[in-house]
Amino acid sequence: MSCRSKARFLLFFIFVLGLPAVHAQSWKTLTAGIDTNLRGISAAYYSADPSKPLKIAVWTSGSNGTVLRSLDDGKNWSRLSVRGGESLDFRGIVAVGDQIAYLMSSGEGDKSRIYKTTDGGKSWQLQYGVRSLYLQTSSRVDENKSFFLDSIACVSDKSCLALGDPIDGKFLILQTNDGQNWKSLPQQNLPTALAKEGAFAASNSNLVVESESELYFVTGGFNARVLHTTDAGKTWSASPVPVAADNASSGVFAITRSIESQIVAVGGDYSNPTIALRIAAVSSDSAKSWQPAAQQPTGYRSAVVSANEKSFVAVGPTGCDLSNDSGLHWKPFSGPPLNALFALDANHIYAAGPKGTIARFLVAPPK
């Protein structure tokens, strides 16, 4: 090999090794300082004027009955009031546009509810709660313990699903097909939970709804599994995930899927958030089989999103990590403590966290 060839090879080798580093990652704080722990965030395009470009509405939610909305991509925020929900912990929100959004609170019994607004948060309709569950079940549910909602997701403005902790040994799956009326899947079709297994209401990202017939959700608490249905819940497949599940505070917390159908799951132990073992795993066969990430994130991660075909972002209370190779290798980058993520598209990724922090993920162009 000539000197010139060697030089070209060396430059190419350095370039390949440096690919992840040429795109500098950072977070732009949009707002902070509110007395709330934000765990839900969502965004949607909307049209205020058909003759002008689309705008972005961002909605976020959290403890102390907090719901915030921005109509200008996070520049300005307004706090919305949910009558009767002032003390609730709103851990899930789904933005349909600037006027329509679904809102889910988590907690035992009557603290778990589903609301909807169609007027930009001026008013909220209570669509589902413990009383609704009583009317749909043959046996009375212990409202202090059994009924606990974990996440909510939609495939359209009228078709949504919600996941709840096991009742009588089966996970609760609620659905609406008209945007108004929620009901549980038939008891015989609900997926069976293992002993001590549940789901975590940490970031509204343990449920992925691909269509009205296909969904995934992840579990924790002495177990770490992905459950998957392709026939609207008539049948379910389950696969173990190589993520920490040694106690009640560990398991899989979030799942996401790229447009290339690579699935990434993250979690760990939220009671020991600095332990960087068995945090992330990947699947390339629709969750049938899983392999652990070769280079793990740097601690417990509560949320993950797909940034593009091969890039994924994960966040948690101890920081942030990025993978540019479909979830196989993760590298930390600077950022605030965060709980939840939402990717509207590759250029609009939002996060929410403690102390009312809302941030946007930024990628600098290569130099």
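FYI, the numbering just counts along the sequence from 1. Fair warning: this is a prediction, and the values are worked out from it, not measured in the lab.
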Look up atom [atom1] in [X] and atom [atom2] in [Y], then write down how far apart they are to the nearest 0.5 Å.
X: Asn37; Y: Asp89; atom1: CG; atom2: CG; value: 7.5 Å
X: Ser306; Y: Gln262; atom1: OG; atom2: CD; value: 9.5 Å
X: Leu215; Y: Glu210; atom1: CG; atom2: CD; value: 9.0 Å
X: Asp178; Y: Cys160; atom1: CG; atom2: SG; value: 10.0 Å

Please work out which of the three classes, parallel, tilted or perpendicular, describes the rings of Tyr45 and His348, given edges at 30° and 60°.
->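 Aromatic pair His348/Tyr45 classed perpendicular.
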
Once the angle between the rings of Tyr216 and His228 is folded into 0 to 90°, is it parallel (under 30°), tilted (30 to 60°) or perpendicular (over 60°)?
-> parallel

Do the side chain of [X] and the main chain of [Y] share a donor and acceptor less than 3.5 angstrom apart?
X: Thr36; Y: Ser63; answer: yes
X: Asp165; Y: Ala199; answer: yes
X: Ser112; Y: Gly107; answer: yes
X: Glu309; Y: Glu260; answer: no
X: Ser105; Y: Lys111; answer: yes

[Y] versus [X], side-chain donor and acceptor atoms under 3.5 Å:
X: Ser249; Y: Asp269; value: yes
X: Ser203; Y: Asn339; value: no
X: Glu212; Y: Gln175; value: no
X: Asn223; Y: Thr219; value: no
X: Ser151; Y: Asn206; value: yes
X: Asp49; Y: Ser51; value: yes
X: Ser283; Y: Asp285; value: yes
X: Ser70; Y: Asp72; value: yes
X: Asp246; Y: Ser250; value: no

Salt bridge present between Lys55 and Asp98 (N-O < 4.0 angstrom) | no

Phe217 and Trp236: aromatic ring centres closer than 6.0 Å?
->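 Yes, the ring of Phe217 comes within the 6.0 Å limit of the ring of Trp236, centre to centre.
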
Compute the ring centroids of Tyr102 and Tyr128, then answer whether they are less than 6.0 Å apart.
-> no

Checking side chain to side chain contact (heavy atoms under 4.5 Å, CB included) for the pair Asn204/Ile93: CA distance, chi angles, key distance, verdict?
-> CA-CA 8 Å; Asn204 199 47; Ile93 193 163; 6.0 Å; no

Is any side-chain heavy atom of [X] closer than 4.5 Å to a side-chain heavy atom of [Y]?
X: Thr298; Y: Arg301; value: yes
X: Val315; Y: Phe361; value: no
X: Arg360; Y: Asp73; value: yes
X: Leu103; Y: Ser61; value: yes
X: Trp77; Y: Thr60; value: yes
X: Leu172; Y: Phe148; value: no

Step-by-step side chain to side chain contact (heavy atoms under 4.5 Å, CB included) determination, Leu149 to Leu174 = CA-CA 10 Å; Leu149 293 177; Leu174 304 174; 3.9 Å; yes

In short, Phe253 meets Ala202 closest at the heavy-atom pair CD2-CB, 3.7 Å

Residue set satisfying ring pair (Phe, Tyr, Trp, His ring centres under 6.0 Å) with Phe312, at least two apart, ordered chain then number -> none

Could you walk me through whether Asp321 and Ser323 pass the side-chain hydrogen bond (donor to acceptor under 3.5 Å, both in side chains) check?
-> CA-CA 7 Å; Asp321 298 271; Ser323 171; over 6 Å; no

Criterion side chain to side chain contact (heavy atoms under 4.5 Å, CB included) on Leu338 and Cys320, from CA distance to verdict | CA-CA 8 Å; Leu338 295 167; Cys320 317; 4.2 Å; yes

